[in-house]
There are 2 protein chains.
Amino acid sequence: MARPFNFSAGPAAMPSEVLQQAADEMLDWHGSGMSVMEMSHRGKEFGEIMESAQGDLRELLAIPENFHILFMQGGGLAENAIVPLNLSRGGPVDFVVTGSWSQKSIKEAARYAKATLAASNANSNHTTLPAPGSWQLSADAHYVHICSNETIHGIEFHELPDLKALGSNAPLVIDFSSHVASRTVDWSRVGLAFGGAQKNLGPAGLTLVVVRDDLLGHALPACPSAFDYKTVAANGSMYNTPPTFSIYMAGLTFQWLKRQTEGALSGVAAMEQRNIAKASLLYDFIDDSALYVNKVALDCRSRMNVPFFLRDEALNDAFLAGAKAAGLLQLKGHKSVGGMRASIYNAMPLEGVQALVNYMRDFEKTRA
Amino acid sequence: MARPFNFSAGPAAMPSEVLQQAADEMLDWHGSGMSVMEMSHRGKEFGEIMESAQGDLRELLAIPENFHILFMQGGGLAENAIVPLNLSRGGPVDFVVTGSWSQKSIKEAARYAKATLAASNANSNHTTLPAPGSWQLSADAHYVHICSNETIHGIEFHELPDLKALGSNAPLVIDFSSHVASRTVDWSRVGLAFGGAQKNLGPAGLTLVVVRDDLLGHALPACPSAFDYKTVAANGSMYNTPPTFSIYMAGLTFQWLKRQTEGALSGVAAMEQRNIAKASLLYDFIDDSALYVNKVALDCRSRMNVPFFLRDEALNDAFLAGAKAAGLLQLKGHKSVGGMRASIYNAMPLEGVQALVNYMRDFEKTRA
């Protein structure tokens with residue numbers, strides 16, 4: 001039976017192939033007689049799973065050798081503290097606030113460092129991106145933080161800022177939770193990237209940190225050992241027991257990503273093309289319709305999270321009930337902005353977006 | 001096909017019924033059209049899973065209403081920092097060090113508070129428990145920490161200390177990672193209990209904290225918001241996205257525990273009887289044998305983790321190879337103590353321990 005299309009913002013849809021493989025291997029991984037959940041993290045079997053996952057991710061995202069791949073716990077909200085605990089040295093750090101997530105980040109960082117607002121899009125109600133040339137960067141910032149895709153407001157940096165070109169030597173920190181692995185990353189512009197796995201990589205409870213080697217070893221005394229990047233890196237993400245099954249699921253997702261192709265492209269490059277096609281299909285339909293509206297500026301619309309509103313909000317409940325009946329799940333917008341949100345991560349096929357557009361068109365015809 | 005018996009110290013064996021149910025529901029939980037991994041943690045479906053898990057655990061462990069059940073991340077090693085960040089107020093805290101885990105705990109706590117060694121069993125090489133009457137408790141300690149079951153050294157508190165009877169008003173903190181849900185808990189003697197899930201509750205990546213209400217709200221300024229017990233409690237363990245699938249697996253394990261019976265007993269009480277029988281079978285055999293030896297004092301031998309040695313260590317490799325061939329997995333001892341270790345958590349049936357004893361007897365006969 002075909003599964004419904006699941007537009008959850010996270011934890012989010014996963015590829016059916018990946019879920020099926022996990023179900024098939026649940027009681028016996030590769031003839032080991034054990035579920036992956038039952039393996040010592042120090043054993044040969046899990047060692048293979050860990051090594052494959054890290055190697056595949058490095059290949060998929062073209063992560064240079066001078067970056068460490070860390071599998072941690074606590075999600076983006078914990079990293080909002082863990083990043084300044086590791087990188088700020090208590091000194092000045094700059095934030096570009098473009099929505100709910102970067103707002104949370106600066107608030108938490110201010111507990112550990114002098115956190116300065118370098119730029120904000122509050123005056124547009126989080127529907128634009130402030131041009132990097134306008135950012136007020138501190139001369140001595142220990143890092144500059146952006147949320148490269150704001151899940152709630154549906155805003156995405158389609159090009160990472162080049163801090164060097166802006167006259168800053170600070171490393172760029174990106175919270176890429178909700179668009180990691182949906183597009184290529186220019187690592188020459190990044191010092192550290194972090195993200196919860198539960199949008200595009202795997203189950204909630206796994207946190208990915210990709211950090212440049214020279215940024216390790218500067219943790220504040222208050223940093224818990226289990227969250228000191230240097231300690232985590234030195235122990236191959238096994239200082240504390242890692243979330244082994246979540247790493248396994250992420251690894252299966254990486255293998256699935258490697259198998260994806262679009263024409264001559266494969267892996268993340270193929271996925272990026274597919275994501276562009278999916279997002280264009282949905283945004284074009286919304287822009288052409290009389291009932292639906294997306295308020296985000298054209299140059300920074302997220303390919304992953306598409307918030308939209310019905311011009312007649314009295315129709316919201318009927319829209320959601322009809323969507324569910326049509327096998328289109330979890331479309332309700334975040335409570336802080338209202339309306340609807342379609343999260344169309346890697347695991348959402350083009351057919352799912354097409355089904356959503358078809359439903360939206362039919363709904364508009366019958367109700368408007 | 002029967003599965004092998006898995007003696008891993010953690011991540012550890014899980015009940016086959018639980019794994020089978022997870023496999024069956026992997027692509028569609030209760031007709032929702034979603035895997036549990038794919039559900040918004042804010043949605044109705046996961047809300048039901050969370051509520052059942054917490055309710056079942058409260059019932060199983062008879063947790064009083066003035067204790068909060070928190071589902072967190074980071075494992076016991078992260079809690080080694082999170083507990084003093086929340087409870088120490090920077091002041092004196094007492095530790096009873098009885099093995100590797102309490103040793104790690106005092107070391108990490110010393111980074112946040114004045115951590116005092118109240119008692120130690122180092123003089124017996126971690127094979128005894130210092131009598132509570134001999135503990136040197138600080139008059140003004142903000143808590144007293146014990147590891148109620150030392151996974152590596154195989155030492156267990158069979159009765160929790162009564163700090164009030166020792167003249168102390170400090171709350172008792174127990175690290176019960178490796179024996180949680182294997183026996184009843186006298187909550188009148190406990191202020192806070194914590195444990196990683198990966199021994200007796202579910203997959204790695206979930207951390208259980210049970211904390212008395214009056215201990216919330218005293219976090220140090222350096223405590224990350226995501227690890228402030230008050231914040232976690234106020235948000236129903238959903239301040240940050242919880243490890244949803246791990247909570248679901250723990251919930252299935254709790255349901256399995258509730259179904260267990262021994263005579264008129266059920267749940268944890270039944271499990272405790274079964275665990276006593278399992279441990280007795282193994283220890284009695286070891287004590288009667290000429291080849292195997294367990295060095296822990298009789299009054300504090302762990303029911304969960306049974307470290308043992310072959311008197312002829314040259315036989316170690318052959319012992320392990322034969323065990324694996326006989327379907328007895330992950331028996332190698334921790335690298336810090338060597339030898340063997342059989343972890344016989346709740347999910348290990350009596351038949352598994354009997355199979356181990358049979359193998360050990362046969363091995364001794366042919367090799368000794």
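- Among B/Gln73, B/Met72, B/Glu108, the residue with the largest count of heavy-atom pairs under 4.5 Å with chain A is B/Gln73.
- If you tally non-hydrogen atom pairs under 4.5 Å between each of A/Gly196, A/Ala81, A/Cys223, A/Gly43 and chain B, the highest count goes to A/Cys223.
- Both the backbone and the side chain of A/Ala222 have a heavy atom closer than 4.5 Å to some heavy atom of chain B.
- The distance from atom NZ of A/Lys335 to atom CZ of B/Arg42, rounded to the nearest 0.5 Å, is 5.0 Å.
- For A/Leu329, the part sitting under 4.5 Å from any heavy atom of chain B is the side chain, from C-beta outward, and nothing else.
- Contact count against chain B (heavy-atom pairs under 4.5 Å) is highest for A/Leu27 among A/Leu85, A/Thr207, A/Leu27.
- Most heavy-atom pairs under 4.5 Å with chain A: of the set B/Gly327, B/Gly75, B/Pro221, this distinction falls to B/Pro221.
- Side-chain contact check for A/Tyr112 versus B/Pro224: some heavy-atom pair is nearer than 4.5 Å.
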Listing, residues 238-250 of chain A side-chain donor-acceptor contacts under 3.5 Å, not counting sequence neighbours, or none:
| from | atom 1 | to | atom 2 | distance (Å) |
| --- | --- | --- | --- | --- |
| A/Asn240 | ND2 | B/Gly74 | O | 2.9 |
| A/Thr241 | OG1 | B/Gln198 | NE2 | 3.3 |
| A/Tyr248 | OH | A/Glu25 | OE1 | 2.5 |

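- The salt bridge (Lys or Arg N to Asp or Glu O under 4.0 Å) search around A/Glu17 returns A/Arg259, not counting sequence neighbours.
- A distance of 12.0 Å separates CE in B/Met26 from OG in A/Ser16, rounded to the nearest 0.5 Å.
- Distance alone, capped at 3.5 Å, is enough to place a donor-acceptor pair between the B/Gln330 side chain and the A/Glu38 backbone.
- Interface residue B/Ala78: backbone and side-chain heavy atoms are both found under 4.5 Å from chain A.
- When each of A/Ala197, A/Ala347, A/Ser40 is scored by its heavy-atom pairs under 4.5 Å with chain B, the top score falls to A/Ser40.
- In this structure a side-chain-to-backbone donor-acceptor pair under 3.5 Å is missing from B/Arg3 to A/Met34.
- For chain A, the option among B/His41, B/Met37, B/Lys332 with the highest count of heavy-atom pairs below 4.5 Å is B/Met37.
- The part of A/Ser8 that comes within reach of chain B is its side chain, from C-beta onward, which places non-hydrogen atoms under 4.5 angstrom from that chain.
- For the set A/Gly76, A/Ala13, A/Ala9, the count of heavy-atom pairs under 4.5 angstrom toward chain B peaks at A/Ala13.
- A/Met14 has its side chain out of reach of B/Ser35: every pair of non-hydrogen atoms, C-beta onward, lies at least 4.5 Å apart.
- When side chains are defined from C-beta on, B/Lys104 does not count as touching A/Ser225, because their heavy atoms never get closer than 4.5 Å.
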